[in-house]
Amino acid sequence: MEAENHTEVSQFLLLGLSDDPKLQPLLCGVFLCMYLFTVLGNLLIIVAISSDAHLHSPMYFFLANLSFVDICFTSTTVPKMLVNVQAQSKSITYIGCLIQVYFLMIFAGMDTLLLTVMAYDRYVAICHPLYYTVIMNPRFCGILVLISWFIMFWVSLLHILLMRGLTFCVHTEIPHFSCELAQILKVACSDTLINNIVLYVSAALLRVLPLTGILFSYSKIVSSLMRMSSTGGKYKAFSTCGSHLSVVSLFYGTSLGVYLSSALTHSSLHNSVASVMYTVVTPMLNPFIYSLRNKDVKGALRRLLKLAASCL
């Protein structure tokens, strides 16, 4: 098979979810609706938190950041997929693919780190309530978010620099709807050992360690709640964790689905469906989870919608 250096590769071909022309309008409509729901839902969360003084607390500050990241996460892949479907094209430029890989890794990692920070916030609020305002002050919260961005910018850049050293065959086809790093490494025509080692190490550090931190925080929370004598106090304290636990379960559940699908099956369709759940469905459901399970967010959204209706 003839191969070209990566600097000469002008584009890749994204095979997408289906080759059936009859399904393309349906897929386009479904993903457009999901994308609009994702952007609208997360924007409403951000605006509600920004405009309501009752939500100016660390927990909702992190939630607003999570909503922003989710908008960016789904915007990295869905618009390009919709353009390709509408134009009946499967191409993506080499530089465009690099950019997509870079931002996918940043926003996926930010989701993980923000969920970990939110678990720590709940741990301090429930286990050390007297020191909560001192520990989780605005400056410290801002530093936690900035450190998360800093880590992901440099980790993602490392992967891109290593990817730039790979060579690809002419007319490389990616059996996916987006440029995910694991899929790119599978279709490379040069040795990807170093890339895979760095990928697995970073995945362990940015998935396993944060999950360990989340589990540790909730083990301490459960232990603290067990020592409470008031049943009402237990329920009130733990109810603030319900939405976060739901989002964590959804995020890590879909992440595990992507990993198992990639490791246990060679079916491109199974891999793509698992990635849709991870990159599209999860960001869409997060605002619904918080608006339905959290009374403060629900109340803020209700007031925001009433204000908007009165201005019309």
Side-chain angles (χ1 to χ4, degrees), residues 45-46 48-49 52 54-70 107-152 155 203-256 282-283 285-287 289-300:
I45 294 289
I46 294 172
I49 291 173
D52 197 311
H54 297 92
L55 302 183
H56 291 175
S57 65
M59 179 172 69
Y60 298 111
F61 168 73
F62 296 131
L63 176 57
N65 278 273
L66 181 66
S67 293
F68 171 75
V69 168
D70 281 342
F107 298 131
M110 280 301 299
D111 263 344
T112 306
L113 296 178
L114 285 173
L115 288 174
T116 307
V117 169
M118 292 170 78
Y120 176 71
D121 172 74
R122 291 299 83 206
Y123 158 72
V124 176
I126 294 174
C127 299
H128 304 284
L130 298 179
Y131 301 99
Y132 179 70
T133 55
V134 176
I135 297 174
M136 302 303 294
N137 59 77
R139 182 172 179 272
F140 181 61
C141 293
I143 289 174
L144 288 177
V145 173
L146 287 176
I147 288 175
S148 299
W149 282 109
F150 181 82
I151 291 171
M152 290 316 307
V155 170
L205 293 176
L206 296 173
R207 289 289 190 274
V208 178
L209 286 182
L211 179 59
T212 302
I214 292 172
L215 294 176
F216 176 79
S217 295
Y218 275 103
S219 69
K220 292 294 185 180
I221 289 172
V222 171
S223 177
S224 178
L225 292 178
M226 293 297 290
R227 292 194 295 269
M228 286 186 181
S229 57
S230 170
T231 304
K234 290 180 181 180
Y235 176 78
K236 183 178 179 181
F238 197 73
S239 65
T240 63
C241 305
S243 301
H244 179 257
L245 275 175
S246 300
V247 172
V248 168
S249 301
L250 182 63
F251 179 81
Y252 275 97
T254 53
S255 299
L256 182 62
T282 299
L285 293 181
N286 284 354
I289 291 173
Y290 271 98
S291 61
L292 292 175
R293 295 184 61 91
N294 190 297
K295 289 189 293 185
D296 293 332
V297 175
K298 192 186 301 183

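In what follows, residues are counted from 1 in the order of the sequence shown. Not measured: the values here are computed from a predicted model.
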Is it the case that atom CZ in F68 sees more than 12 heavy atoms from other parts of the structure closer than 6.0 Å? no
Taking N137 for its side chain and V134 for its backbone only, find out whether a donor-acceptor pair lies under 3.5 Å. yes
Are the side chain of T212 and the backbone N or O of V208 linked by a donor-acceptor pair below 3.5 Å? yes
Value rounded to 0.5 Å, distance of CZ in R139 from CG in L144: 11.0 Å
State, yes or no, whether a side-chain contact exists between V145 and L113 at a heavy-atom distance under 4.5 Å. no
Are any of the side-chain heavy atoms of N286 and L250 separated by less than 4.5 Å? yes
Note, D52 side chain near Y60 side chain (heavy atom, < 4.5 Å): no
Taking the side chain as everything from C-beta on, heavy atoms only, tell me whether T282 gets closer than 4.5 Å to Y252. no
Holding to side-chain contact (heavy atoms from CB on, under 4.5 Å), I want the full list of residues that pass it with Y123, two or more places apart in sequence or in another chain. Y120, C127, H128, S217, K220, I221
Heavy atoms, side chains only, cut-off 4.5 Å: are P58 and F140 in contact? no
So which atom in M59 and which in Y132 form the shortest heavy-atom distance, rounded to 0.1 Å? N-OH, 4.0 Å
Output for pair (S148 OG, N65 CG), nearest 0.5 Å, gives 9.0 Å
Closest heavy-atom contact between S224 and I126? OG-O, 3.8 Å
For S246 and I289, which heavy atoms make the closest approach, and how far apart are they? CB-CG2, 3.7 Å
Looking only at non-hydrogen atoms, find the nearest pair between F61 and G142 and report the distance. CE2-N, 4.2 Å
Taking the side chain as every heavy atom from C-beta outward, state whether M136 and F62 have any atom pair closer than 4.5 Å. yes
Quick one: closest heavy-atom pair of T116 and T112, and the distance? OG1-O, 2.9 Å
I'd like to know whether S243 forms a side-chain contact (heavy atoms from CB on, under 4.5 Å) with L63, so could you lay out the CA-CA distance, the side-chain angles of the two residues, the decisive distance to 0.1 Å, and finally the verdict. CA-CA 11 Å; S243 301; L63 176 57; over 6 Å; no
Quick one: SG on C241 to CE on M118, what's the gap to the nearest 0.5 Å? 10.5 Å
Is the NE2 atom of H56 crowded by more than 12 outside heavy atoms at less than 6.0 Å? yes
